[in-house]
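Below: one structure, written as C-alpha cells.
Numbering starts at 1 and runs along the sequence shown.
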Amino acid sequence: MFKDIKFTLTWLVFLTLAPCGLFAQDEASTNDVDSLIVMLKHENAVMRGQAAYKLGQLSDSRAVPALIEALQDEDLNVRCTAAEALGEIGDPESAEALINCLSDEEAEMRENAAGALGTIGDPQAVERLLDIVWDESEYVRGAAVWSLGEIADARAIPELIKALGDYDWGVQQNAEQALVKIGKPAVEPLLAVLSEAKPDSLEIAVMAINELCVAVDELREALEALREPYWGIWNINLPAFTALAEIGDARSTGYLIKAFRSYDIKVCSLAVQGLAKIGEPAVVPLIAELTAPDPVVRGWVTMTLGEIADTSAVEPLIETLEDPEDNVRAAAARALGAVGDPRASEPLTKLLEDGNYLVRFNAVLALAEIEAEPARLLSLLTDENRWVREEAAKEIGERADIETIENLIDMLEQSNPDQKEVIARLLGDVGNERAVEPLLSLLKENDFHLNLAALEALGNLQAPKAVDPLIDFLYREDDDLQEGARRALVAIGSPALPALIECVDDHDIAVRIAAVNAIGGIADSSTVEVLIDALKDNDLYVRQEAAQALGKIRDYRAVGHLIDRMKKEPWEVQYKYANVLSGITGEDFGRDYKVWKKWWEKNKNDLLSNQR
C-alpha cells in the first residue's frame, strides 16, 4: 500500500508506548477480533486507534463493518488508521465507504483512503481517484496515482500522462510506474505525448518561416534536421520516456531507436533497456541503423544488438567490425561476444591486430565468450598495452592446453621484460611442470618485477626442484623478493622443509626469521622440535616467529617450553606467548606464568598421551 502517512503527536506517543505495554490488553483480548471490535468504541482515541491498527494486522474480514463505521470517528488518526486497516484486509465491501472518504476535508484521510482503494484494487474507484489526481496535497496526488497503477485500468492513462508533469518528483515516479503496470494500452498515448516534445526555439523558427511564406525548402529542411541533436533530456518528458522503455512494447521500437540521437546518456541507456525488452522484433530496425551517419548512434545501436543477442545480427555486426570509429568497433566486438556465435571467431581474431587497444581488449573478451581456441590470443601476450596483455593471459590461462604451454615457453625467449612478466604469471597459473625450468631461468635475470612474477609462478606450480633457488632468495636484501620466496616455499610445502630447517641455524637473522615463518606456514608436526629449539634463539624476533609457528601447528609438546620461555621475555612479548598458549590449549590465563605452570603440571601427562 502507498506509504507516506503523517502522524500527529498523539499517534507518535501511541506508537512509542504501545509496545511497552502501556495500552496493552491481556493477550486473549489483543488477539481476538471481537475484543478489538469492541475496543473501537473505547472512549480513549489512542485505544481506538490501536484497535484499528491491530485489526488491520489480523486482516480478518469480520472487522470490515466496524472499521467502516470507524471511518467516521471524530479523531483523525483513528479514521486514517481504519482506512489503512481496510486496505490491509482488502475486502471490496469497504470500497464504497473509502470512495466517500476521498472527499474528506483532511488531506491525511484522503491520502489513506486513496491508498487503501489501490490495495483493494476495485475498478469502481477509478473515476473518483481521477478526480483527486490534481488534489492540492502532493501526498494525496501521489496516493491516487499509485492506486490507479494498482488497479491498472486504461481509463486512467490520460490523467496519468498529465501527472508525469507534476511538480512533485514522487507523483511523477508513481505516475510512471502506474503507466508501466497498465502496460500495452499506455504505449500509443505515451508515444503521442513524446512525439510532441520539440525544442521551442526551433519550432518557433519553423512556424515563422511558414507564416512568412518564405519559399526556401532547403532552409526549412535544415531547421527540421537541427531538431535531432537537441532531442535530449531537456526536450522530452523523461518520466514518460522511462515508462515507455520499461513497458518494452514493439510499437515503441522506432521512437526508442530515435532516442539514440539525443546525446544524453540517461536517455540512451533507457532506450537500450527498452529495446532489449522488446527483443527480436527490434533487431531488423536496429540493423538498419548500423549504417547511420552518426557514430554515436551506431555505437548505441551496436550495444543494443549485443543486449538482445539475436543470431540474425551476427553478419551485420561482423561488418561493423570494420567501422571507422574505434568505439563502434569495440562495441561490435562485445556484441558478438554476447551473441556467442562461432562465425565471429575469425573476424574477431583479425581485430586483435587493430590499432586501438580498447578494440583489441574487447576482441579478447568476445573471443573468450565464444570460447575460441586460446592459441588465437597468444600474440596479445606481447601487446604494447598492459591491459590487453593481462586480459589475454587470463583468458588463455583458463583453457590452456599442452600446445599452448609450449608456445608460451617459446615466447619467453622472444619477449621484453614486461611481456615476460605476464607470460611467467600465466605459466604459473596453467600449472604444468614443463614450465618449471623456464621459470627458474627467469630468477637469474636482474629484473625485480620479473623475479617476483617467477617466484609467484613457481609457488603456484609447487615444484620441489625450485626449493634451492627459492632458498637463495631468502638471502636477498629486498623485502618483497624475500617475501615472494617465502610464500613460494610455503606453497611447495613438506619438500621444502629440509632446506628451511637448515636455514634456522643461519648466521643471518633475516634468513632465520623467514625460515621459521615459512616452517610455521607449512605447519608440519615433524618440525616441532626444531621450532622449540628456535625458542632459545638469541634474537627476540626469531623467538617470536618460533612461538607463532608452534601456535599454528598446535602440538602439546610445545606447551611446557612456551610456558618456560614466556617468563624470560619482555612483558609485551609475554602477551603473544599467552595468546599462542591459549590457541593450543583452549585455556586463558593471560601472562600469569605461575598459573600456566601449575595447570600444565596437572594436565600434561593426559594431554601428551592423548595426542600420541
Can you name the nearest heavy-atom pair linking [X] to [Y], along with the distance?
X      : Y      : answer
Leu358 : Ala330 : O-CB, 4.2 Å
Trp600 : Gly560 : NE1-CA, 3.5 Å
Ala309 : Ala338 : CB-O, 3.9 Å
Glu601 : Lys604 : OE1-NZ, 3.5 Å
Ala368 : Glu395 : CB-OE1, 3.1 Å
Val580 : Gly551 : CG1-CA, 3.6 Å

So how far is it from [X] [atom1] to [Y] [atom2], rounded to the nearest 0.5 Å?
X      : Y      : atom1 : atom2 : answer
Leu367 : Leu352 : CG    : CG    : 5.5 Å
Asn356 : Asn327 : CG    : CG    : 7.5 Å
Trp596 : Arg591 : CH2   : CZ    : 14.0 Å
Leu55  : Gln50  : CG    : CD    : 10.5 Å
Ile519 : Ile553 : CD1   : CD1   : 8.5 Å

- Task: Would you confirm whether Thr527, through its side chain, and Ala523, through its main-chain N or O, come within 3.5 Å as a donor-acceptor pair?
- Result: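 Not a single qualifying donor-acceptor pair exists.
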- Okay, side chain of Glu587, backbone of Ser582: is any donor-acceptor separation there less than 3.5 Å?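 It does not hold such a pair.
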Test of understanding: with side chain to side chain donor-acceptor pair (under 3.5 Å), list the residues that count as partners of [X], not counting sequence neighbours.
X      : result
Arg376 : Glu346, Thr349, Glu373
Asp564 : Lys597
Thr585 : none
Asn451 : none

- Task: Please name all residues satisfying side-chain contact (heavy atoms from CB on, under 4.5 Å) with Glu150, sequence neighbours left out, ordered by chain then number.
- Result: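 Partners of Glu150 by the side-chain contact (heavy atoms from CB on, under 4.5 Å) criterion, ordered by chain and then number, come out as Trp146, Lys181.
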- Message: Just to verify, what does Tyr475 make a side-chain contact (heavy atoms from CB on, under 4.5 Å) with, not counting sequence neighbours?
- Response: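 So Tyr475 forms a side-chain contact (heavy atoms from CB on, under 4.5 Å) with Ile471, Cys503, Asp506, Val511.
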N/O donor to acceptor pairs below 3.5 angstrom from side-chain atoms of residues 484-495, sequence neighbours left out:
residue, atom, partner, partner atom, Å
Arg486, NE, Glu483, OE1, 3.0
Arg486, NE, Asn517, OD1, 3.4
Arg486, NH1, Asn517, OD1, 2.8
Arg486, NH2, Glu483, OE2, 2.9
Arg487, NE, Glu483, OE2, 3.1
Ser494, OG, Asp524, OD2, 3.3

- Message: Any salt bridge linking Arg476 with Asp478? Criterion: basic side-chain nitrogen under 4.0 Å from a carboxylate oxygen.
- Response: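 So Arg476 does not pair with Asp478 through a salt bridge.
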- Salt bridge between Arg512 and Glu545, side-chain N to carboxylate O under 4.0 Å?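 No, no charged N to carboxylate O under 4.0 Å.
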Taking only residues two or more places apart in sequence or in another chain, which ones pass salt bridge (charged side-chain N to carboxylate O under 4.0 Å, His left out) with [X]?
X      : result
Glu406 : Arg434
Lys598 : none
Glu502 : none

- Task: Give a yes-or-no answer on whether the side chains of Tyr53 and Gln57 include a donor-acceptor pair shorter than 3.5 Å.
- Result: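 Distance-only check passes for Tyr53 and Gln57.
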Check this for me: [X], atom [atom1], are more than 12 non-hydrogen atoms of other residues, nucleotides or ligands nearer than 6.0 Å?
X      : atom1 : answer
Leu540 : CG    : yes
Tyr541 : OH    : no
Lys277 : NZ    : yes

- Message: Test: salt bridge (Lys or Arg N to Asp or Glu O under 4.0 Å). Region: residues 445-462. Which pairs qualify, not counting sequence neighbours?
- Response: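 Output for this query lists Lys420-Glu445, Arg425-Glu456.
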- Where at least one partner belongs to residues 565-579, residue pairs that pass salt bridge (Lys or Arg N to Asp or Glu O under 4.0 Å), sequence neighbours excluded: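 For residues 565-579: Arg543-Glu569, Arg565-Glu569.
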- Task: Please say which of Val516, Asp505, Leu497, Val504 ends up in a side-chain contact (heavy atoms from CB on, under 4.5 Å) with Val530.
- Result: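 Testing each of Val516, Asp505, Leu497, Val504 against Val530, the sole residue satisfying side-chain contact (heavy atoms from CB on, under 4.5 Å) is Val504.
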Is any side-chain heavy atom of [X] less than 4.5 Å from a side-chain heavy atom of [Y]?
X      : Y      : result
Phe473 : Leu455 : yes
Ser609 : Tyr556 : no
Leu365 : Arg334 : yes

- Task: Any chance you could lay out the side chain to side chain donor-acceptor pair (under 3.5 Å) test for Glu246 and Gln177, step after step, and finish with the verdict?
- Result: CA-CA 9 Å; Glu246 288 192 35; Gln177 288 306 306; 3.2 Å; yes
- Item | For Glu421, the option from His449, Arg386, Arg389 that meets side-chain hydrogen bond (donor to acceptor under 3.5 Å, both in side chains) |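 Answer to the side-chain hydrogen bond (donor to acceptor under 3.5 Å, both in side chains) test with Glu421 among His449, Arg386, Arg389: Arg386.
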